[in-house]
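Down below is the structure, laid out as structure tokens.
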Amino acid sequence: MSDLLDKIVSLSKRRGFIFQSSEIYGGLGAVYDYGPLGVELKRNVQARWWQAMVYQHDNIEGLDAAILMHPTTWKASGHVDAFNDPMIDDRQSKKRYRADQLIEEHIARLRRQGQDEHADAVHRRFVEALHADDMPRALYEIIMDEQIRAPDSGAFDWTEVRQFNLMFETQLGALAEGNNTIYLRPETAQGIFVNFLNVLNTSRQQIPFGIAQIGKAFRNEIVARQFIFRMREFEQMEMQYFVRPGDQMEAYEAWREKRMQWHLDNGIRPSRLRWHRHDKLAHYADAAHDIQYEFPIGWQEIEGIHSRTDFDLRNHQAYSGKKMEYFDPQTRERYIPYVVETSVGLDRTILMLLCEAYREEEVEGDQRVVLKFHPQVAPIKAAVFPLVRKDGMPEIARAIEADLRTVFNVMYDEKGSIGKRYRRMDEAGTPFCITVDGDTLADGTVTVRDRDSLEQVRVSQDRLLPYLHDRMRAWTPAD
RNA sequence: GCGGGAGUAGCUCAGAUGGUAGAGCAUCAGCCUUCCAAGCUGAGGGUCGCGGGUUCGAAUCCCGUCUCCCGCUCCA
């Protein structure tokens with residue numbers, strides 16, 4: 001891992017942004033907890049997304065669907081088939097096959113060639129393999145021993161057989177008998193699709209309109225690494241935008257622009273963001289772009305904007321028997337809407353903000369570590385200090401703290417030298433420090449110290465709130 | 001999943017040849033501080049990832065296991 005990411009991991013733990021899950025028991029792989037500062041950062045990001053998506057658009061409705069869903073949901077979405085089979089990849093063609101189907105085809109081929117004895121032997125071994133403890137391994141050995149080649153490329157260059165059992169299973173009901181297996185959702189989108197009719201019928205929306213949701217999703221990642229970049233339990237902020245078939249590209253382009261702007265508005269430098277177009281489209285999509293950020297580990301996806309046709313609604317219609325059609329009263333058309341999806345990883349956004357904000361700087365010969373968050377996402381908006389712990393300064397500082405607390409998350413600190421307190425707040429990413437000093441007693445002004453420029457401005461106590469609001473609004477990212 | 005590396009106080013780390021652990025920073029209490037930390041005094045904090053074994057005795061040796069990191073693979 002890069003030095004920078006190491007430092008961010010260390011700072012995250014040291015200051016209480018992010019902890020590994022269940023650390024006292026040795027940790028749980030690729031699961032993380034948000035600490036006191038981390039949860040503030042996360043809630044601020046959620047709030048900004050909700051504001052930008054739901055409140056700023058009169059045709060977008062919010063939703064909070066449950067994590068547990070009817071199992072048929074995942075049949076309709078394609079996740080059960082795609083995620084639970086023993087898969088093997090042809091390294092040459094990059095095509096993926098179901099290992100069991102390859103063997104079945106091989107057996108059928110042998111029979112066609114009259115090699116029934118051989119076919120029977122393979123078949124017996126195949127049945128045995130399907131019940132083996134290490135089923136993927138057993139299937140792999142058959143493919144190796146029988147030298148089964150890839151149907152398309154004819155190559156014999158296979159990866160291991162892997163079982164893509166990426167959905168977390170759990171039991172519905174207290175009785176562990178019968179077929180009660182359900183899944184923790186691997187994506188939040190299906191919660192939106194299955195509620196499409198509910199929202200349509202209750203919100204008085206007309207197409208085009210969207211449904212937005214923030215929520216947890218779960219995937220048994222094969223390779224889960226790089227801190228909170230790829231986690232087994234993670235949070236998505238998704239919006240599905242329903243449009244008339246044919247109008248999807250216009251909506252797609254509009255949402256691409258809005259979503260990129262959102263990241264810029266969070267203080268991400270434009271040079272660190274780029275578009276990545278999917279050349280190879282999933283079968284249900286007719287366009288797909290990712291927004292990538294230049295992490296210390298390289299360019300990585302943080303958000304996907306996908307035009308996913310009517311695939312999901314059409315499938316839910318087929319599986320549920322419920323008509324997913326929309327009737328347009330103007331044109332008197334009836335159709336299953338197309339969907340443009342924006343899906344951003346909340347945890348990845350947090351990691352991006354940490355990477356973007358982290359700076360090591362030299363101040364008058366000393367080094368400081370500072371998180372230059374956008375003030376709106378900063379966990380603590382302001383800290384209030386008495387310059388010294390006497391002459392009534394703590395009392396005045398406490399009063400200012402109490403006043404600001406009605407609006408912001410603020411912190412009071414009187415421990416250590418004033419410089420030390422500034423540096424502590426730098427590490428937490430607090431944009432403003434307010435110091436009560438001797439002049440405060442005389443004229444009612446305080447020092448407001450800027451995290452980024454280190455500049456100090458004297459502000460009258462009673463103008464403090466509007467002053468801070470103005471400064472937050474005017475903030476722009478450095479370099 | 002495979003190969004390699006690592007796991008000692010909250011953080012970063014030191015602990016040659018086995019004799020039951022230290023530093024800096026951080027934290028807490030007090031002092032000193034009238035604007036950018038690392039001044040003073042004191043305190044708390046570790047069964048050295050976990051389990052087992054060898055040994056009179058293990059952080060140090062052996063086995064297992066978990067977690068993290070790097071590379072390959074994967075990114076459905």
Side-chain angles (χ1 to χ4, degrees), chain A residues 1-3 5-16 19-32 35 77-85 87-89 91 94-98 134 136-137 140 158-167 186-187 219-227 229-230 278 280 282-283 290 297 300-301 304 361-370 383 385-391 393 413-427 433-442 446-451 453-458:
Chain A
M1 187 148 41
S2 74
D3 287 352
L5 197 50
D6 276 339
K7 287 174 177 172
I8 288 168
V9 171
S10 176
L11 177 69
S12 293
K13 183 175 184 190
R14 184 156 46 84
R15 292 309 305 256
F19 308 120
Q20 195 184 8
S21 166
S22 323
E23 202 185 4
I24 62 167
Y25 291 110
L28 187 62
V31 184
Y32 290 89
S77 70
H79 287 83
V80 170
D81 287 340
F83 281 15
N84 275 304
D85 296 321
M87 305 298 280
I88 189 166
D89 294 346
R91 286 200 178 90
K94 303 291 183 196
K95 279 186 188 300
R96 173 164 294 159
Y97 303 93
R98 280 178 59 167
D134 190 354
R137 185 71 211 173
Y140 177 76
W158 298 110
T159 62
E160 297 273 313
V161 174
R162 275 162 302 204
Q163 198 157 11
F164 281 71
N165 199 5
L166 289 177
M167 286 196 290
E187 64 172 29
R219 295 182 196 180
N220 260 319
E221 296 289 350
I222 297 168
V223 178
R225 271 176 196 168
Q226 270 127 7
F227 198 38
F229 185 77
R230 185 168 289 126
H278 286 215
K280 214 171 56 181
H283 57 286
D290 294 337
I297 52 176
Q300 300 283 351
E301 175 192 343
E361 294 180 343
E362 210 171 279
V363 179
E364 294 169 18
D366 285 323
Q367 219 200 20
R368 73 160 179 167
V369 171
V370 56
F385 311 143
L387 186 58
V388 290
R389 231 184 326 175
K390 59 185 180 187
D391 299 338
M393 291 181 200
D413 191 2
E414 58 178 27
K415 300 289 172 60
S417 73
I418 190 71
K420 191 168 194 157
R421 283 176 266 165
Y422 286 150
R423 300 297 172 80
R424 277 201 279 257
M425 284 300 117
D426 287 342
E427 267 194 347
C433 291
I434 294 145
T435 303
V436 171
D437 58 18
D439 290 349
T440 310
L441 307 170
V446 293
T447 301
V448 179
R449 178 263 196 182
D450 183 88
R451 175 196 66 199
S453 67
L454 306 176
E455 284 171 1
Q456 301 188 351
V457 182
R458 290 211 71 86

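Order of the sequence lines sets the chain letters (A, B, ...), proteins ahead of strands, with each chain counted from 1. Computed from a predicted structure; not experimentally measured.
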For this session: Not counting sequence neighbours, which residues clear side chain to side chain donor-acceptor pair (under 3.5 Å) with A:D450? List them please.
Result: A:S453, A:R471
Partners of [X] by side chain to side chain contact (heavy atoms under 4.5 Å, CB included), sequence neighbours excluded?
X: A:D391; value: A:M393, A:L441
X: A:E187; value: A:W74, A:H79, A:A189, A:Q190, A:R219, A:Q236, A:R308
X: A:Q456; value: A:Y422, A:T447, A:R449

Interatomic distance at [atom1], [N] relative to [M], whole Å:
N: B:A38; M: B:A21; atom1: C1'; value: 25 Å
N: B:C61; M: B:G5; atom1: P; value: 14 Å
N: B:G19; M: B:C62; atom1: P; value: 16 Å
N: B:C63; M: B:C74; atom1: P; value: 33 Å
N: B:C40; M: B:G24; atom1: P; value: 11 Å
N: B:A9; M: B:A23; atom1: C1'; value: 11 Å
N: B:G44; M: B:C50; atom1: C1'; value: 26 Å
N: B:U27; M: B:U12; atom1: C1'; value: 16 Å

Problem set entry | Anti versus syn assignment for B:A16, with syn defined as within 90° of 0 | syn
What is the separation between atom [atom1] on [X] and atom [atom2] on [N], rounded to the nearest whole Å?
X: A:I8; N: B:C69; atom1: CD1; atom2: P; answer: 14 Å
X: A:R14; N: B:A26; atom1: CZ; atom2: P; answer: 10 Å
X: A:K13; N: B:A9; atom1: NZ; atom2: C1'; answer: 11 Å
X: A:R424; N: B:C25; atom1: CZ; atom2: C1'; answer: 13 Å
X: A:E427; N: B:C25; atom1: CD; atom2: P; answer: 15 Å
X: A:Y140; N: B:C2; atom1: OH; atom2: C1'; answer: 11 Å
X: A:D413; N: B:U27; atom1: CG; atom2: P; answer: 9 Å

For this session: Starting from the C-alpha separation in whole Å, work towards a yes-or-no answer on side chain to side chain contact (heavy atoms under 4.5 Å, CB included) for A:E414 and A:L387.
Result: CA-CA 8 Å; A:E414 58 178 27; A:L387 186 58; over 6 Å; no
Could you tell me which residues satisfy salt bridge (Lys or Arg N to Asp or Glu O under 4.0 Å) with [X], sequence neighbours excluded, listed by chain and number?
X: A:D413; answer: A:R424
X: A:K420; answer: none
X: A:E301; answer: none

Seminar exercise, completed: Given protein heavy atoms under 4.0 Å, the one-letter contact record of nucleotides 29-42 of chain B, with B base, S sugar-phosphate only and - none, is simply S---BBBBBB----
Exercise. Is A:R421 paired with A:D426 through a side-chain N to carboxylate O contact shorter than 4.0 Å?
Worked result: no
For this session: Return the stems involving RNA chain B, sorted by first number, where pairs are Watson-Crick (N1-N3 with N6-O4 or O6-N4) or G-U wobble (N1-O2 and O6-N3), both under 3.5 Å, and runs are 3 or more long.
Result: B:1-7 with B:66-72, B:10-13 with B:22-25, B:27-31 with B:39-43, B:49-53 with B:61-65
Exercise. Heavy atoms, side chains only, cut-off 4.5 Å: are A:R14 and A:E427 in contact?
Worked result: yes
